[in-house]
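For reference, the structure is listed below as structure tokens.
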Amino acid sequence: MGVERRVYSLRLEEEIAEKIRMYGQMENRNFANMVETILKNYISEREKES
């Protein structure tokens, strides 16, 4: 089976959302996948610092 996923609602400034869409298109990712990728990268970097 796959990874369990939950649905979250969040509010973003339109400028940030547009940049996420733009970078997502460049990497052939949808908005949700791009947000998840950004968060995973952030968490990974933070864990390296610890």
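The first residue of the sequence shown is numbered 1, and numbering continues consecutively from there. Heavy atoms only: backbone and side chains are in, while hydrogens, waters and symmetry mates are out.
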* Under the side-chain contact (heavy atoms from CB on, under 4.5 Å) rule, collect the residues that match up with I16, sequence neighbours excluded. =>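 For I16 the side-chain contact (heavy atoms from CB on, under 4.5 Å) partners, ignoring immediate neighbours, are E13, I20.
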
* To do: Applying side chain to side chain contact (heavy atoms under 4.5 Å, CB included), run through E47 and E49 and close with a yes or a no.
  => CA-CA 5 Å; E47 289 177 343; E49 294 173 3; over 6 Å; no

* To the nearest 0.5 angstrom, please state how far the CZ atom of R21 sits from the CD atom of E18. =>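 These two atoms lie 5.0 Å from each other.
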
* Inter-residue atom distance K19.NZ - M34.CE, 0.5 Å rounding ->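 If we round to the nearest 0.5 Å, K19:NZ and M34:CE are 13.0 Å apart.
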
* If you look only at pairs with a residue in residues 32-42, which of them pass as a side chain to side chain donor-acceptor pair (under 3.5 Å), with sequence neighbours excluded? ->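 Listed by first then second residue: R5-E36, R29-N33, R29-T37, Y42-R46.
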
* Determine whether more than 12 heavy atoms belonging to other residues, nucleotides or ligands lie under 6.0 Å from atom CE of M26. =>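 Atom CE in M26 is not packed in, count stays at 12 or less.
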
* To do: Using a cut-off of 6.0 Å, state whether more than 12 heavy atoms not belonging to F31 lie near its atom CZ.
  =>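 Yes, CZ of F31 has more than 12 neighbouring heavy atoms, counting only those of other groups under 6.0 Å.
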
* Single-linkage hydrophobic cluster I38~Y8, side-chain heavy atoms < 4.5 angstrom ->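 No; tracing contacts between hydrophobic side chains, which count when under 4.5 Å, never links both residues.
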
